[in-house]
Amino acid sequence: NGRVHLDNWSFLEEDPGVNYLETGDPNQDPQDRWDFRRIRLTWSGDVPGSMLYRISIDFNNPSSAEMKDVYLGFKDLPYNQQFLIGNQKRPIGLDHLNSSRHNVFIERPLAVETFNEDARRLGACMYGYNDSESVHWRYGAFLLENISQDGRFRGDYDEAGLYGRLSTSPWYDEISGGRGYYHFAVAGSANTTDADGTIDNDDNSNEARFRTRPLARSSSRWWDTGRLLGAETYQQLAFESMLNIGAFQLTGEYINTWVQRNPLGGFNGEDLHFQGAYLFANYFLTGEHVPLKRRTGTIDRVKPFENFFIVDRCCGGTGTGWGALSVGVRADYLDLSDSDIMGGEGHAITLSSNWYWTAYSKLQTNLVVGEIEDAGQGRSNVPLAQGVAGDFTILGFRYMIDF
Amino acid sequence: NGRVHLDNWSFLEEDPGVNYLETGDPNQDPQDRWDFRRIRLTWSGDVPGSMLYRISIDFNNPSSAEMKDVYLGFKDLPYNQQFLIGNQKRPIGLDHLNSSRHNVFIERPLAVETFNEDARRLGACMYGYNDSESVHWRYGAFLLENISQDGRFRGDYDEAGLYGRLSTSPWYDEISGGRGYYHFAVAGSANTTDADGTIDNDDNSNEARFRTRPLARSSSRWWDTGRLLGAETYQQLAFESMLNIGAFQLTGEYINTWVQRNPLGGFNGEDLHFQGAYLFANYFLTGEHVPLKRRTGTIDRVKPFENFFIVDRCCGGTGTGWGALSVGVRADYLDLSDSDIMGGEGHAITLSSNWYWTAYSKLQTNLVVGEIEDAGQGRSNVPLAQGVAGDFTILGFRYMIDF
Amino acid sequence: NGRVHLDNWSFLEEDPGVNYLETGDPNQDPQDRWDFRRIRLTWSGDVPGSMLYRISIDFNNPSSAEMKDVYLGFKDLPYNQQFLIGNQKRPIGLDHLNSSRHNVFIERPLAVETFNEDARRLGACMYGYNDSESVHWRYGAFLLENISQDGRFRGDYDEAGLYGRLSTSPWYDEISGGRGYYHFAVAGSANTTDADGTIDNDDNSNEARFRTRPLARSSSRWWDTGRLLGAETYQQLAFESMLNIGAFQLTGEYINTWVQRNPLGGFNGEDLHFQGAYLFANYFLTGEHVPLKRRTGTIDRVKPFENFFIVDRCCGGTGTGWGALSVGVRADYLDLSDSDIMGGEGHAITLSSNWYWTAYSKLQTNLVVGEIEDAGQGRSNVPLAQGVAGDFTILGFRYMIDF
């Protein structure tokens, strides 16, 4: 199967500080754009015996494809478990574990993208759930380097982390087919990084770096700590909450990251604390709901009551269907500025509507209004005397289909 | 499904002027070559509801793949229409709308390649036909930048065009199964380009550029206007004619392009008129014919009366079949030299034979003899005092299969 | 169908000479690594009529994919023959003709990799077998340049070779289902190369170059003659022997290469003789055997008597299966040092175990202990006064599945 996501982004208003974060030049503003965000093909299945495989390649940039899920694994293990070896998502951030086919907003929240950049890493992970499906767990070990471009990890220093997530759905209304539920989860990680990896001459770069784009597909990441010189270890703790009452959903997450480091390269070596959170409300004007997949603790495919179509009737005239429509609002907060690191602190409001043509296709519209301050560390490898700041307004559309 | 096209080109004779156009050095001649011209895989289908998708990726250069058709769309619209959003062919040039699986000659005509380079652009286009299938139309809006390599369009200036094509088949002999037909079409476009796009510092380059290879897969494009400095708008008008009488076919097209420009960078700013045409005759010695697909106004798959095979008979001896054979000749003309632009003026004769092994595979042979003069603009960004000229003879073979 | 091979290599011990061969710096040792060695997808089939196709693309480095088998061909030819045109394996080296899905050791033997680097080339080749399947042959012509990265061969000088292989299985125990057999084959080639290809300015580089990695996926090839300046022709002669008695197998090959050259660039122009060989024993502790595919003279898929699984029984408790287990040892020898060429001479012992989880998946473990001397030509384009030498110990794991 596969998916096509075609995006159109317009950068409506930006301050010089934002121009600098995007282009390195306060006078040059972000360019408007049309991007194939995803052209993804997936091959998955079982082999005779109780094993499975999955290969997923994304051709959004055809001349330089990326791997997504690429793993082999064992299924039917005791306690409804399966064990996967290969490139797969690290369990931090509900909205990263949700498929991009189902995300309610075009791009994932600031905190989720920042603290689990690109989500997938090479690792081994166990997935399971209890017989009543009220509890799901996943835990594993992952290398920290992102190998989605080149498929290879090189280096004598194993920058790696242990990750775990425990999710529950204490309320799940079976009778209505899951139109009412409450999901709660806690996730965490403990990671070790190569403190001098960025400046010594082994093949490792320091993987303690946290960064994200402004909820839109800009060229640069505006929030960006840079690679944290001297960072040796970091830990994460995250909380997820999702309440669904029929057509209405209220979802939030809060993620912390603590970094321990040594003084190096002019940086003072103080411990760091970064954090981010979001809260969104979404409502279906046409009455559908966002289903929960209890076995994995993630959301599932929305099925419109009526598809979108315009057809000639055999007996004359035109028959039409209008699909489903939801509207939403999201508040994002992200603070990557602490001690002498100016990774950016800011917030954004996103207004959204999703027009579901079918269960497999929709048009998403997002208007993002935000501000960022104390930023710019990503464009410097020495401590900054002063951060940059600015406001921004961005409008985006996504045309999407999956099959 | 997919296709494999393997090409072998020998550059038999060239003048120094042609050497310069190919390599930049009058003393270095074009290199002979074997190319995988296409290694293309396509995934297409419908999703539940009345929508469709298509993803087509070409791995002819595996380390740097290209996207071809990548779109999603709505089908079953009134008046037998479908509406597609994504990367798709712009409706200029019959032989570009014909699939490369079915093209009668190895490479498409000079005029068709020049005035609709690489054919596919990001756009939205409506396709339809009348109930008797005697009329087909398609019209839409397209961005002008070719994003087949990187999947992304960047720039604040939307270089775009409106395109339309209306085709008819007033004569179509149903009784013989379409062995006799006449197809006629008119197509046009109106485009706006970024006049100073090539020299200012936004991300747009001026997309007013017309160029093509010499009916063979050379490394450089010998006809080439370069990016036309100061060009602001251009329009196109094209005519198609295709007459089929049993095993015989006579096909021609004539395409005009008018460019409006300002004086810039030493160029005089006069309006430009470029034009090109071709006429070919093709005949099946074995009696088959080239079918017409009336709903899209393009040619369809040739079905040999007998496949090619050599097999042992069960009762001893060898059974053989010899496939189908057609021969053809094409005359090409292209004039990209006007005012102070020396894009090249020239013509070529192509002798061809197609040996159809099966309906899905064949061997194509082309001998191209041509000349070009007033050329060289593509290797200079200032007006030329004098163009270069030369003759050439090229021999090509294509081994092809599709499935 | 497809395959995923995920490798983990640790370079346990190396001498400074080996560090130099790997990194160019005697003080910098090889980096440990995790590589997706293969993420391969294959599309193959027949078209109506008696033709076939195969497209195989490997995404192990997703941003720079490679083509593997890409061909079209004719089947059902007299004498059980088929004729393929396109990118396919040259018939030198049994263990190269064996699929990487079935290789008994993680990486192929030194001699096989060296004298048929990457195996596949653009060519035309006939494949056949006699009616009793006791004899298999393949012969064809191939271009020498490896086009797996870019899909194109450029150059006026056709560096090419004629290749042939004749294999027999005089003993094949039908009654036990092929648990006992003896396979023997002889293969050879005659090649012409562009003597000054590396220093003149046509597009050809001299393809007379022999090199290989140290039975592990290092970054550099430690045995390496470099491109042999002045080399005009080379010939190869290879012998294969494979004896299988139930769970036990004894396999060996011996390959010679003779190079004729002119004096050029400081090299003396004397004829060269390179050679390599290996011998391995493999034994299934669980009693399975390695099957022979007589029609192609290669090994086939091992089918474990019991799959690996751990499942909850419906009636309580846990059911388990443990898969199949084989152990092996291989001795490799390779001499690429002759006259004034110091390509490296050395040997290695590989201890191996294969844990078959299913017929389609297994874990391979290899411990390689070896030494190399008179090496370093690959890092120099003038004759060396003295070669480098060193010992090495490497540990590798491969997690693999195919479908």
Side-chain angles (χ1 to χ4, degrees), chain A residues 41-59 61-87 121-124 131 143 145 147-158 160 201-204, chain C residues 1-11 23 25 27-42 57-65 217 219 303-304 306-313 317-321 323 356-363 397 399-403:
Chain A
L41 294 165
T42 300
W43 297 264
S44 61
D46 301 332
V47 299
S50 50
M51 291 190 67
L52 73 156
Y53 64 88
R54 186 175 170 93
I55 297 177
S56 191
I57 309 283
D58 203 306
F59 295 99
N61 180 341
S63 64
S64 181
E66 295 167 65
M67 80 167 74
K68 297 295 172 180
D69 284 340
V70 178
Y71 55 68
L72 54 90
F74 302 88
K75 56 177 191 158
D76 300 333
L77 299 176
Y79 304 106
N80 309 309
Q81 290 189 118
Q82 62 180 22
F83 182 68
L84 304 180
I85 301 167
N87 210 44
R121 294 294 186 280
L122 185 58
D131 289 338
L143 295 172
E145 196 180 316
I147 64 166
S148 67
Q149 295 276 337
D150 64 1
R152 51 211 63 193
F153 172 93
R154 298 284 157 83
D156 289 339
Y157 193 102
D158 281 349
N201 68 359
D202 65 16
D203 286 15
N204 299 109
Chain C
N1 54 13
R3 67 192 76 165
V4 176
H5 294 180
L6 173 63
D7 289 8
N8 175 215
W9 289 105
S10 297
F11 293 82
T23 65
D25 176 349
N27 298 313
Q28 196 152 347
D29 66 330
Q31 300 280 300
D32 294 343
R33 60 198 62 205
W34 285 87
D35 281 2
F36 277 101
R37 179 72 169 84
R38 295 181 180 90
I39 303 175
R40 191 174 304 177
L41 294 164
T42 300
I57 309 282
D58 203 306
F59 295 99
N60 69 77
N61 180 341
S63 64
S64 181
R217 199 68 183 171
S219 296
K303 297 213 169 66
E306 177 183 78
N307 285 332
F308 171 77
F309 60 91
I310 309 176
V311 296
D312 283 331
R313 287 183 196 285
T318 303
T320 55
Y356 294 79
W357 295 320
T358 72
Y360 301 88
S361 57
K362 62 177 179 281
L363 168 63
F397 300 92
Y399 305 83
M400 57 195 292
I401 195 166
D402 74 273
F403 52 91

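Labels below follow one simple rule: chain letters A, B, ... track the order of the sequence lines, proteins then strands, and each chain is numbered from 1.
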Please indicate whether C/K303 has more than 12 foreign heavy atoms, meaning atoms of other residues, nucleotides or ligands, lying under 6.0 Å from its NZ. no
Can you tell me which portion of A/L122 sits under 4.5 Å from chain C's heavy atoms? Options are side chain, backbone, both or neither. side chain
For residues C/D402 and A/V47, report the shortest heavy-atom separation together with the two atoms involved. O-CG1, 3.4 Å
Heavy-atom distance under 4.5 Å to chain A: side chain of C/P304, backbone, both or neither? neither
Any side-chain heavy atom of C/T358 within less than 4.5 Å of one from A/P48? no
Report which part of C/F308 has an atom under 4.5 Å of a heavy atom belonging to chain A: side chain, backbone, both, or neither. both
Provide the closest heavy-atom pair for C/P62 versus A/S148 in the form atom of the first, atom of the second, distance. CG-O, 3.5 Å
What distance do C/N8 atom CG and A/L143 atom CG have between them, rounded to the nearest 0.5 Å? 8.5 Å
Cut-off 4.5 Å, heavy atoms of chain C, and the answer for A/N61 is neither
d(C/R40 CZ, A/I55 CD1) to nearest 0.5 Å is 11.0 Å
is_close_aromatic(A/W43, C/F403), centroid dist under 6.0 Å: no
Nearest-0.5 Å distance that lies between atom CD1 in A/I85 and atom CG in C/L363: 8.0 Å
Most heavy-atom pairs under 4.5 angstrom with chain C, which of A/S64, A/G45, A/G86, A/G49? A/S64
C/R38 versus chain A, heavy atoms under 4.5 Å apart: side chain, backbone, both or neither? neither
Which answer fits C/N307, side chain, backbone, both or neither, if we ask what part of it has an atom under 4.5 Å from a heavy atom of chain A? side chain
Run C/W357 and A/F74 through side-chain contact (heavy atoms from CB on, under 4.5 Å) and show every step you take. CA-CA 10 Å; C/W357 295 320; A/F74 302 88; 3.6 Å; yes
Please round to the nearest 0.5 Å and tell me the distance separating atom CG of A/D156 and atom CD of C/Q28. 9.0 Å
Minimal heavy-atom distance between A/Y79 and C/D312, with the atoms involved, is N-OD2, 3.2 Å
What pair of heavy atoms forms the shortest contact from A/D76 to C/V311, and how long is it? O-CG1, 3.2 Å
Rounded to the nearest 0.5 Å, what separates atom CG in C/L6 from atom OH in A/Y71? 14.0 Å
Under 4.5 Å heavy-atom distance to chain C, tell me which part of A/E66 shows up: side chain, backbone, both or neither. backbone
Rounded distance (nearest 0.5 Å) linking atom CZ of C/F36 with atom CZ of A/R152: 10.5 Å
